[in-house]
Novice: 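Quick one: the structure is below, and I'll ask about it shortly.
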Amino acid sequence: MLRVTVLVSGGGTNLQAILDAQAAGELAGAQIAAVISNNEGAYALTRAAAAGVASAVVSPKAYATREEFHRALLSKVQETGADLVVLAGFLCVIPPEMVEAYPNRIINIHPSLIPSFCGTGCYGLHVHEKALERGVKVSGATVHFVDSGTDTGPIILQKAVAVHEGDTPETLQRRIMEEAEWKLLPEAIRLIAQGRVHVDGHTVHIDEA
Ligand code: GRF
């Protein structure tokens, strides 16, 4: 059984999609072991509690230095016995020591078709503001492994979403969440739990069912 620990910072709609998939029996081979947030006020924690999933808060405010926070975060993740770490709207930079501890075992959902509209400072609504400024006709979401860079790890899954005339960053964000993010993240966990995902350098190969 693949033990999955989910890191969150905000509303937790991606966490909810994972919890709903688990409840529907769609995550065979994986179990959501715990949820960890850097933000004690994250509604994602309420979602975890409602689903009976253990949660914890590791807040940077509780530590004198960024390094101490990083050590505490890694220690908490390890305490959960995670085989796979899922970043579901987690807004803190993952420290190098965590990437080293979990090589190709941390995945992230990003709300664009990487390599477009990603990298440092490009998160949340900023992603959709940039996409609309550029006038793209198609955007979407990407699930990728986390490496030492920002949104630079091997791509696992992507899904395109049409941009509509008159879209605002908010309407585009919502459509990408509904049509792409909430489908891709549970699917990626399922594929990894089935042992069908293989990384070859910077390319990910997925075995047919
Ligand atoms: C989502 O847009 C996701 O793509 C990005 O952060 C947001 C998190 O939303 N990484 P939620 O907390 O899952 O609702």
Side-chain angles (χ1 to χ4, degrees), residues 4-23 26-27 32 34-51 53 55-60 73 84-94 98-99 106-133 136 138-147 149-164 167-189:
V4 178
T5 294
V6 186
L7 273 55
V8 297
S9 296
T13 63
N14 279 284
L15 169 66
Q16 192 63 57
I18 298 167
L19 293 171
D20 292 348
Q22 176 168 264
E26 295 164 3
L27 293 189
I32 310 307
V35 172
I36 298 172
S37 182
N38 62 304
N39 169 14
E40 65 186 357
Y43 187 68
L45 294 168
T46 302
R47 296 178 188 273
V53 174
S55 66
V57 175
V58 181
S59 170
L73 182 63
L84 178 70
V85 180
V86 176
L87 309 184
F90 190 65
L91 296 179
C92 295
V93 173
I94 297 300
M98 186 180 293
V99 177
I106 305 172
I107 65 174
N108 180 51
I109 178 81
H110 182 79
S112 75
L113 296 176
I114 289 175
S116 296
F117 315 117
C118 64
T120 305
C122 210
Y123 59 88
L125 273 182
H126 300 307
V127 173
H128 309 294
E129 287 163 0
K130 291 176 185 291
L132 292 173
E133 277 165 26
V136 297
V138 174
S139 188
T142 302
V143 181
H144 62 94
F145 284 112
V146 172
D147 64 7
T150 302
D151 303 328
T152 54
I155 291 170
I156 305 167
L157 295 171
Q158 293 189 296
K159 189 171 187 333
V161 174
V163 177
H164 292 176
D167 260 333
T168 64
E170 290 77 8
T171 59
L172 181 57
Q173 177 181 56
R174 183 72 190 186
R175 187 176 315 114
I176 289 174
M177 281 176 155
E178 288 174 348
E179 296 183 12
E181 295 180 41
W182 299 343
K183 297 180 187 311
L184 290 182
L185 203 48
E187 175 67 0
I189 295 169

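Remember, it's 1-based here, ligands and their atoms both numbered in the order they're listed. Any value given below was found using the heavy atoms of this structure, including those in side chains, with hydrogens, waters and symmetry copies removed. Fair warning: this is a prediction, and the values are worked out from it, not measured in the lab.
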Novice: Check side chain to side chain contact (heavy atoms under 4.5 Å, CB included) between Thr13 and all other residues, then give those that pass, not counting sequence neighbours.
Specialist: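 Residues passing side chain to side chain contact (heavy atoms under 4.5 Å, CB included) with Thr13: Arg47, Met177, Trp182.
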Novice: What atoms of ligand 1 come within less than 4.0 Å of a heavy atom belonging to Met177?
Specialist: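 Taking each heavy atom of Met177 in turn, ligand 1 has 1 (C), 2 (O), 9 (O), 14 (O) under 4.0 Å.
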Novice: From the options Ala141, Ala180, Gly89, Ala42, select the one whose nearest heavy atom is closest to atom 8 (C) of ligand 1.
Specialist: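 Comparing heavy atoms across Ala141, Ala180, Gly89, Ala42, the nearest one to atom 8 (C) of ligand 1 lies in Gly89.
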Novice: With sequence neighbours excluded, tell me which residues meet salt bridge (charged side-chain N to carboxylate O under 4.0 Å, His left out) with Glu179.
Specialist: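 Result, salt bridge (charged side-chain N to carboxylate O under 4.0 Å, His left out) vs Glu179: none returned.
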Novice: If you define the side chain from C-beta out and look only at heavy atoms, does anything of Leu132 sit under 4.5 Å from Val163?
Specialist: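 Yes. Closest side-chain heavy atoms under 4.5 Å.
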Novice: Going by atom types only, do Thr152 and Asp147 share a side-chain donor-acceptor pair under 3.5 Å?
Specialist: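 The criterion, which ignores hydrogens and geometry beyond distance, is satisfied for Asp147 and Thr152.
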Novice: Below 4.0 Å from ligand 1: does a non-hydrogen atom of Ile109 turn up there or not?
Specialist: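 Contact check Ile109 vs ligand 1: positive.
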Novice: Out of all atoms in ligand 1, which are within 4.0 Å of some heavy atom of Pro111? Include the element for each.
Specialist: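 Ligand 1 atoms under the 4.0 Å threshold to Pro111: 4 (O).
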Novice: For Gly12, is the nearest heavy atom under 4.0 Å from an atom of ligand 1?
Specialist: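 Contact present.
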Novice: Identify, for atom 14 (O) of ligand 1, the protein heavy atom at the shortest distance, and state residue, atom and that distance.
Specialist: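 Scanning the protein heavy atoms, the shortest distance from atom 14 (O) of ligand 1 goes to Thr13 OG1, 2.6 Å.
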Novice: Less than 4.0 angstrom from a charged side-chain N to a carboxylate O is my criterion; do Lys183 and Glu187 meet it?
Specialist: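 The answer is no: the pair does not qualify as a salt bridge.
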Novice: Would you please say whether a donor-acceptor pair under 3.5 Å links the side chains of Thr142 and His144?
Specialist: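 The criterion, which ignores hydrogens and geometry beyond distance, is not satisfied for His144 and Thr142.
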Novice: Given Arg174, Glu181, His110, Gln16, identify the one with the heavy atom nearest to atom 2 (O) of ligand 1.
Specialist: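 The residue whose heavy atom sits nearest atom 2 (O) of ligand 1 is Glu181.
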